[in-house]
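What follows is a single structure, written as structure tokens, with notes after it.
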Amino acid sequence: MAKYYGWQNVPTIQFKEIISELIDAKEEQKSLMLIASTGIGKTNAINAFASKQKRCCYTVTLGDSFSLKHLLNDLLSQMGQEEIMYTCKRYIGIRRITQFLKEKYEEGETPIIILDEAENCRIPALKAIKEIYDLVHKYCSIVLIGTEQLIHQINKKAMGQSIPQLRRRFKAGTRFITPFNKSKDMKPFFNALIPNEEDLKDMLISLCDNYGELHDYLDPFLRYCDKRNLTPNEKNFRLYHKIPSQLK
């Protein structure tokens, strides 16, 4: 078998769409909400974009445990600003962030804030995003990226928590990234990694529902084959992942 040098990120249609939207936001100063399903490479695209933006690109991946203080302090840290010690000081944190962004804009920069996995946002953080938006939207782009759950979360929370204003501000900038088509979208990876293994391709198409799952099944298997000089075929794949022969 050919030497396996590790997983290579293929510029998929979803990757290209996300990069295009982020570039547009950076250049045109707009607020966007990018909606994409799990496992289609959102984070890879964000990291690729951020790695080329050496100036004024601030990214935060929101976890379920993130509080308002975590969000503000993550942004403050990236901006080289003093962090706040207590959530009750959020006014100070927001003012530091917005003043910093305004100064960067006045220096000729085009700042952008990207919040990944935004469906994890809690109500206080959503309110803070709305407040930051109102103060900086003329000179800083804000991009929320998440699954369709992000829209459901905002709409649900808007019912009794005064969040409809946030939904309105991002509604016109909502973009739905092309859904994953497993039979078509996996082909570039197959061509690069297992070009002649048709049976293995068919099995992966049946098993995987997104790029993340494709990586999780195929990458460790290819590493295993490379170390042992094995052919990465369906038989060895079944043995490695302990998949019964009757399972197609």
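Positions are given from 1, in the same order as the sequence printed here. This structure is a prediction, so every number in the text was calculated from the model and none was measured.
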Any link between M186 and I13 through a network of hydrophobic side chains (Ile, Leu, Val, Met, Phe, Trp, Tyr) touching at under 4.5 Å?
no
Using modelled atom types only, decide if a donor and an acceptor are shared between the side chain of S31 and the backbone of S141 within a distance under 3.5 Å.
no
Calculate, to the nearest 0.5 Å, the distance between atoms OG1 and CG belonging to T12 and N181 respectively.
12.0 Å
Would you sort out whether K102 and E107 count as a salt bridge (charged side-chain N to carboxylate O under 4.0 Å, His left out), showing the intermediate values?
CA-CA 9 Å; K102 183 178 180 180; E107 293 170 2; over 6 Å; no
Any donor and acceptor pair, going by atom type alone, linking the side chain of T98 with main-chain N or O of I94 inside 3.5 Å?
yes
May I ask you to decide if K30's main-chain N or O and H137's side chain share a donor-acceptor pair within less than 3.5 Å?
no
Can you get from F176 to M33 by hopping between Ile, Leu, Val, Met, Phe, Trp and Tyr side chains that sit under 4.5 Å apart?
yes
Just do the side-chain contact (heavy atoms from CB on, under 4.5 Å) check on L144 and D116 with the steps written out, would you?
CA-CA 6 Å; L144 307 181; D116 189 19; over 6 Å; no
For T38 and N210: C-alpha separation, side-chain torsions, deciding distance, then whether side chain to side chain donor-acceptor pair (under 3.5 Å) applies.
CA-CA 7 Å; T38 298; N210 52 61; over 6 Å; no
Ion pair present between R238 and E234, side-chain N to carboxylate O less than 4.0 angstrom?
yes
Say whether T110 and K26, considering side chains only, have a donor N or O and an acceptor N or O under 3.5 Å apart.
yes
Decide, yes or no, whether a salt bridge links K182 with D209 under the criterion of side-chain N to carboxylate O below 4.0 Å.
yes
Give a yes-or-no answer on whether the side chains of Q14 and D185 include a donor-acceptor pair shorter than 3.5 Å.
yes
When you look at I114 and V60, which way does the side-chain contact (heavy atoms from CB on, under 4.5 Å) test go after all the steps?
CA-CA 6 Å; I114 303 171; V60 179; over 6 Å; no
Linking I/L/V/M/F/W/Y whenever their side-chain heavy atoms sit closer than 4.5 Å, directly or via other members, would L101 and I92 fall into one cluster?
no
Could you walk me through whether Y211 and F15 pass ring-ring contact (aromatic ring centres under 6.0 Å, His included), step by step?
CA-CA 11 Å; Y211 298 121; F15 180 93; 9.9 Å; no
Going by the ring pair (Phe, Tyr, Trp, His ring centres under 6.0 Å) test, which pairs reach into residues 41-70, not counting sequence neighbours?
F66-H70
Show, in sequence, the C-alpha distance, side-chain angles and deciding distance for E119 and L62, and conclude whether the side-chain contact (heavy atoms from CB on, under 4.5 Å) test is met.
CA-CA 8 Å; E119 66 270 16; L62 298 168; over 6 Å; no
Do M79 and Y139 sit in the same hydrophobic cluster, where Ile, Leu, Val, Met, Phe, Trp and Tyr count as joined when their side-chain heavy atoms come under 4.5 Å apart?
yes
Any luck finding a side-chain donor-acceptor pair between N236 and T231 under 3.5 Å?
no
Evaluate the criterion salt bridge (charged side-chain N to carboxylate O under 4.0 Å, His left out) for residue pair K3 and D226; output intermediate values, then yes/no.
CA-CA 6 Å; K3 178 69 177 176; D226 185 63; 3.1 Å; yes
Looking only at side-chain N and O atoms, does D219 offer a donor or acceptor that is under 3.5 Å from a partner on Y4?
yes
Looking at E148, I want to see if its CD is surrounded by more than 12 non-hydrogen atoms of other residues, nucleotides or ligands under 6.0 Å.
no
Go through Y240 and L230 one step at a time and tell me if the side-chain contact (heavy atoms from CB on, under 4.5 Å) criterion holds.
CA-CA 11 Å; Y240 176 78; L230 297 174; over 6 Å; no
Report yes or no: do T178 and E17 form a side-chain donor-acceptor pair below 3.5 Å?
yes
Is the closest basic N to carboxylate O distance between D199 and K235 below 4.0 Å?
no
Are F221 and L239 connected, step by step, through hydrophobic side chains (Ile, Leu, Val, Met, Phe, Trp, Tyr) whose heavy atoms are closer than 4.5 Å?
no
